[in-house]
Number of protein chains: 2
Amino acid sequence: MPTDLHTILGDLVSVNHRLTRVAAHAANNPESPAVWRTLSVLLQSGSIRLGALASRSRVSQPTATKLVSHLELRGWATRLADPLDARVSQTAITPAGEAALLDWRSELAAALLPMFADLPADDVATLERAISILRDRVERSDPSDPSGLVVPFGAAS
Amino acid sequence: MPTDLHTILGDLVSVNHRLTRVAAHAANNPESPAVWRTLSVLLQSGSIRLGALASRSRVSQPTATKLVSHLELRGWATRLADPLDARVSQTAITPAGEAALLDWRSELAAALLPMFADLPADDVATLERAISILRDRVERSDPSDPSGLVVPFGAAS
DNA sequence: CATTTTATATAGCCCGGCTATGTATAGTGG
DNA sequence: CCACTATACATAGCCGGGCTATATAAAATG
């Protein structure tokens with residue numbers, strides 16, 4: 001008896017928020033989720049202009065500015081001038097940034113591991129598939145995606 | 001070829017953070033996730049003392065105090081004096097709080113629905129199972145759970 | 001009854017998120 | 001070439017969630 005999608009989505013976001021706190025608590029990392037989220041986007045996008053970074057990250061442009069400034073201070077990202085348009089600032093992750101991101105993921109996973117260590121193999125497989133489903137949706141729904149593969153929402157006339 | 005659990009946990013938290021932003025953006029609700037997360041805990045726990053609420057919510061006690069104060073202002077929770085111990089403040093969700101929580105879940109789900117509308121049935125089933133797996137872990141790992149069914153972490157000597 | 005322990009509240013900080021607005025560069029019609 | 005509009009990012013300033021440190025008050029204990 002499958003629950004309807006509407007209910008599932010509510011549950012999904014609820015458990016998501018709970019899990020966020022569990023993760024924050026487990027790996028008590030001095031950096032905030034926003035830092036790692038932004039680095040993740042930078043890693044997968046490559047050099048990207050600030051506005052595009054903001055919309056891929058689903059934050060406002062000023063928030064992206066703040067985050068990138070912080071990343072620059074940390075040496076985890078650099079801003080590159082665009083030769084064709086002096087207004088734009090291309091942002092890219094640095095090798096140090098990549099390393100820090102990988103470290104974080106590893107530490108976090110290690111901290112959560114005991115909580116999931118006894119998970120049956122098919123539950124692990126279920127999680128893995130769910131993650132890939134969600135990642136796919138999260139990325140496809142980027143409102144500024146120039147590839148425009150899908151226009152899932154209001155689909156401007 | 002199943003990916004190892006370590007990697008999966010890193011991916012899980014990453015996609016989780018991305019999804020959080022998607023949800024925040026989709027349902028541009030004036031209230032914060034913390035409010036709904038707290039109400040969720042209150043709904044499932046029933047009347048509960050502040051410290052227990054804090055640990056179930058995975059936030060510090062002062063943060064829980066702030067959140068409950070806010071919920072009280074909104075009329076979504078009440079504090080009840082404990083007749084046996086004048087220090088404790090039992091907190092409970094109100095009917096208005098339950099209604100608000102359900103409304104939020106519904107609005108949120110509606111906002112996300114277009115993004116998932118074309119999801120194949122077995123993907124929906126996968127999400128559903130993943131949610132239940134995660135919910136189970138999140139709840140079982142409550143560090144202050146008096147039922148103490150599982151002690152997944154450091155298992156104090 | 002003095003002391004310690006426990007439950008919550010308060011103070012005060014930092015950071016992420018936002019809107020509104022400023023500034024500088026591009027683009028564009030005359 | 002110039003005035004004007006549009007665009008890309010930066011700055012200002014607010015709110016709220018998160019934390020630690022500490023205060024307060026009630027219970028428990030010797």
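Every chain is numbered from 1, with letters handed out A, B, ... down the list of sequences. These figures come from a predicted structure and were not determined experimentally.
Residue A:Val59 has its side chain nearest to C:dG17 when only C:dT19, C:dG17, D:dG17 are considered. The nucleotide whose nearest atom lies closest to any side-chain atom of B:Arg21 is, among D:dT11, C:dC18, D:dG16, C:dC18. The side chain of B:Ser60 sits closest to D:dC19 out of C:dT8, D:dC19, D:dG17.
The phosphate of C:dC18 (OP1 or OP2) has no side-chain N or O of A:Arg58 nearer than 4.0 angstrom. The side chain of B:Arg79 places an N or O atom within less than 4.0 Å of a non-bridging phosphate oxygen (OP1 or OP2) of C:dA9. Checking the phosphate oxygens (OP1, OP2) of D:dC9, no side-chain nitrogen or oxygen of A:Thr65 falls inside 4.0 Å.
For D:dG16, its base never sits under 3.5 Å from the side chain of B:Lys66 at any donor and acceptor pair.
Defined by atom type and a distance below 3.5 Å, a donor-acceptor pair is present between the side-chain atoms of B:Arg79 and B:Ser69. In the model, B:Ser132 has no side-chain atom that pairs as donor or acceptor with a side-chain atom of B:Glu128 under 3.5 Å. Under 3.5 Å, the side chains of B:Asp103 and B:Ser106 contain no donor-acceptor pair of N or O atoms. With 3.5 Å as the limit, one finds no donor-acceptor pair spanning the side chains of A:Thr94 and A:Glu98.
Within 4.0 Å (heavy atoms only), B:Thr63 reaches at least one base atom of the nucleic acid. Heavy atoms of B:Pro62 sit under 4.0 angstrom from at least one base atom.
Listed by first and then second residue, the ring-ring contact (aromatic ring centres under 6.0 Å, His included) pairs involving residues 83-125 of chain B are B:Trp36-B:Trp104 (not counting sequence neighbours).
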Are any protein N/O atoms closer than 3.5 Å to N/O atoms in nucleotides 6-8 of chain D? If there are, list each pair with its distance.
unit_1: D:dT7; atom_1: O2; unit_2: A:Arg87; atom_2: NH1; d: 2.8
unit_1: D:dA8; atom_1: OP1; unit_2: A:Arg49; atom_2: NH1; d: 3.4

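Using a 4.5 Å heavy-atom threshold, the side chains of B:Met115 and A:Arg140 count as separate.
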